[in-house]
Amino acid sequence: MGFFSDFKASLMKGDVLSLATAVVIGGAFGKIVGSAVDDLIMPLVGLITGGIDFTTKFIALNGQSYENLEAAKKAGASVMTYGNFVQAVINFIIIAFFIFVVLRAAEKAKKKEEAAPAAPAGPTQEELLTQIRDLLKK
(Lines give C-alpha, C1' and ligand atoms only; values in the text may rest on other atoms or scores of the structure.)
Protein backbone atom coordinates (compact mmCIF):
# COMPACT_ATOMS: atom_id res chain seq x y z
CA MET A 1 0.00 0.00 0.00
CA GLY A 2 1.13 3.51 -0.72
CA PHE A 3 1.72 6.31 1.73
CA PHE A 4 -1.59 8.05 1.06
CA SER A 5 -3.66 4.88 1.31
CA ASP A 6 -1.98 4.07 4.64
CA PHE A 7 -2.68 7.61 5.80
CA LYS A 8 -6.33 7.33 4.75
CA ALA A 9 -6.69 3.98 6.53
CA SER A 10 -5.16 5.52 9.66
CA LEU A 11 -7.59 8.45 9.56
CA MET A 12 -10.60 6.20 9.13
CA LYS A 13 -9.93 4.23 12.30
CA GLY A 14 -12.60 4.72 14.94
CA ASP A 15 -10.17 6.08 17.53
CA VAL A 16 -9.03 8.96 15.32
CA LEU A 17 -12.58 9.94 14.44
CA SER A 18 -13.61 9.79 18.10
CA LEU A 19 -10.63 11.93 19.05
CA ALA A 20 -11.45 14.49 16.35
CA THR A 21 -15.05 14.64 17.55
CA ALA A 22 -13.88 15.09 21.14
CA VAL A 23 -11.56 17.96 20.13
CA VAL A 24 -14.36 19.79 18.31
CA ILE A 25 -16.81 19.30 21.18
CA GLY A 26 -14.09 20.30 23.66
CA GLY A 27 -13.50 23.54 21.76
CA ALA A 28 -17.20 24.34 21.79
CA PHE A 29 -17.42 23.41 25.48
CA GLY A 30 -14.48 25.72 26.18
CA LYS A 31 -16.31 28.62 24.56
CA ILE A 32 -19.43 27.91 26.61
CA VAL A 33 -17.44 27.74 29.84
CA GLY A 34 -15.46 30.86 28.89
CA SER A 35 -18.69 32.74 28.30
CA ALA A 36 -20.12 31.48 31.60
CA VAL A 37 -17.01 32.68 33.41
CA ASP A 38 -16.68 36.05 31.68
CA ASP A 39 -20.35 36.95 31.32
CA LEU A 40 -22.03 35.36 34.33
CA ILE A 41 -19.64 34.48 37.14
CA MET A 42 -16.97 37.19 37.04
CA PRO A 43 -19.54 40.02 37.22
CA LEU A 44 -20.90 38.35 40.36
CA VAL A 45 -17.39 38.03 41.78
CA GLY A 46 -16.82 41.71 40.94
CA LEU A 47 -20.06 42.61 42.71
CA ILE A 48 -19.07 40.62 45.79
CA THR A 49 -15.58 42.16 45.86
CA GLY A 50 -16.83 45.70 45.36
CA GLY A 51 -16.31 46.00 41.62
CA ILE A 52 -12.73 44.79 41.46
CA ASP A 53 -11.61 43.80 37.97
CA PHE A 54 -8.82 41.31 38.62
CA THR A 55 -7.36 41.64 35.13
CA THR A 56 -6.30 45.25 35.87
CA LYS A 57 -4.38 44.39 39.03
CA PHE A 58 -0.60 44.63 38.69
CA ILE A 59 2.65 45.46 40.45
CA ALA A 60 5.21 47.63 38.68
CA LEU A 61 8.62 46.06 39.28
CA ASN A 62 10.47 49.36 38.85
CA GLY A 63 8.99 50.70 42.09
CA GLN A 64 7.00 53.49 40.48
CA SER A 65 3.27 53.97 40.69
CA TYR A 66 1.12 54.04 37.57
CA GLU A 67 -2.50 55.03 37.08
CA ASN A 68 -3.37 51.80 35.28
CA LEU A 69 -1.85 48.80 33.53
CA GLU A 70 -1.87 50.47 30.13
CA ALA A 71 0.09 53.43 31.46
CA ALA A 72 2.69 51.14 33.02
CA LYS A 73 3.12 49.20 29.79
CA LYS A 74 3.28 52.41 27.77
CA ALA A 75 6.06 53.65 30.04
CA GLY A 76 7.95 50.42 29.37
CA ALA A 77 7.84 49.26 32.96
CA SER A 78 8.11 45.59 33.78
CA VAL A 79 4.88 44.60 35.44
CA MET A 80 3.69 41.55 37.27
CA THR A 81 0.02 41.17 36.40
CA TYR A 82 -1.06 39.08 39.38
CA GLY A 83 -4.68 39.86 38.54
CA ASN A 84 -4.42 37.74 35.39
CA PHE A 85 -3.16 34.86 37.54
CA VAL A 86 -6.10 35.26 39.94
CA GLN A 87 -8.45 35.31 36.94
CA ALA A 88 -6.82 32.14 35.53
CA VAL A 89 -7.18 30.35 38.89
CA ILE A 90 -10.85 31.31 39.12
CA ASN A 91 -11.38 30.15 35.52
CA PHE A 92 -9.67 26.84 36.30
CA ILE A 93 -11.84 26.22 39.36
CA ILE A 94 -15.00 26.99 37.41
CA ILE A 95 -13.96 24.84 34.43
CA ALA A 96 -13.04 21.97 36.76
CA PHE A 97 -16.47 22.29 38.39
CA PHE A 98 -18.25 22.24 35.01
CA ILE A 99 -16.28 19.16 33.93
CA PHE A 100 -17.05 17.48 37.27
CA VAL A 101 -20.78 18.11 36.77
CA VAL A 102 -20.71 16.75 33.20
CA LEU A 103 -18.72 13.64 34.18
CA ARG A 104 -20.97 13.02 37.16
CA ALA A 105 -24.05 13.18 34.93
CA ALA A 106 -22.39 10.79 32.46
CA GLU A 107 -21.59 8.34 35.28
CA LYS A 108 -25.19 8.45 36.50
CA ALA A 109 -26.44 7.78 32.97
CA LYS A 110 -23.99 4.89 32.65
CA LYS A 111 -25.19 3.38 35.95
CA LYS A 112 -28.78 3.48 34.71
CA GLU A 113 -27.75 1.56 31.59
CA GLU A 114 -25.86 -1.00 33.69
CA ALA A 115 -28.87 -1.42 35.98
CA ALA A 116 -30.86 -2.96 33.12
CA PRO A 117 -31.63 -6.63 33.80
CA ALA A 118 -29.02 -9.03 32.52
CA ALA A 119 -29.91 -11.46 29.80
CA PRO A 120 -30.80 -14.91 31.08
CA ALA A 121 -27.73 -17.03 31.47
CA GLY A 122 -27.36 -19.90 29.05
CA PRO A 123 -26.28 -23.36 30.01
CA THR A 124 -22.83 -23.77 31.48
CA GLN A 125 -20.07 -25.59 29.67
CA GLU A 126 -20.59 -28.66 31.83
CA GLU A 127 -24.30 -28.72 31.01
CA LEU A 128 -23.56 -28.48 27.29
CA LEU A 129 -21.02 -31.30 27.50
CA THR A 130 -23.53 -33.41 29.41
CA GLN A 131 -26.15 -32.79 26.72
CA ILE A 132 -23.67 -33.71 23.97
CA ARG A 133 -22.69 -36.88 25.83
CA ASP A 134 -26.33 -37.87 26.24
CA LEU A 135 -27.01 -37.24 22.54
CA LEU A 136 -24.01 -39.36 21.57
CA LYS A 137 -25.23 -42.23 23.76
CA LYS A 138 -28.55 -42.23 21.90
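- Here the OG1 atom belonging to Thr49 is positioned 10.5 Å from the CG atom belonging to Leu44, to the nearest 0.5 angstrom.
- For the atom pair CG (Asp6) and CZ (Phe3), the distance works out to 8.5 Å, reported to the nearest 0.5 Å.
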Problem - Working for side chain to side chain contact (heavy atoms under 4.5 Å, CB included), residues Asn68 and Thr56 - result: CA-CA 7 Å; Asn68 55 33; Thr56 62; over 6 Å; no
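- Counting heavy-atom neighbours within 6.0 Å of Tyr82 OH, excluding the residue itself, gives a total above 12.
- When atom types are taken as modelled, the side chain of Ser35 and the backbone of Lys31 share no donor-acceptor pair closer than 3.5 angstrom.
- The line from CD1 of Ile94 to CD1 of Ile99 is 12.5 Å long, rounded to the nearest 0.5 Å.
- Contact detail for Phe58 and Val79: the closest heavy-atom pair is CD1-CG1, 3.9 Å.
- A distance of 13.5 Å separates CZ in Phe98 from CG in Leu103, rounded to the nearest 0.5 Å.
- Atom CZ of Arg104 is surrounded by 12 or fewer heavy atoms from other residues, nucleotides or ligands within 6.0 Å.
- Residues meeting the side-chain hydrogen bond (donor to acceptor under 3.5 Å, both in side chains) test with Ser78, sequence neighbours left out: none.
- In the hydrophobic cluster analysis, where Ile, Leu, Val, Met, Phe, Trp and Tyr join through side-chain heavy atoms closer than 4.5 angstrom, Ile59 is grouped apart from Val86.
- Separation of atoms CG (Leu136) and CZ (Arg133) is listed at 10.0 Å; rounding is to 0.5 Å.
- Residue Glu70 qualifies as open at atom CD: its count of foreign heavy atoms under 6.0 Å is 12 or below.
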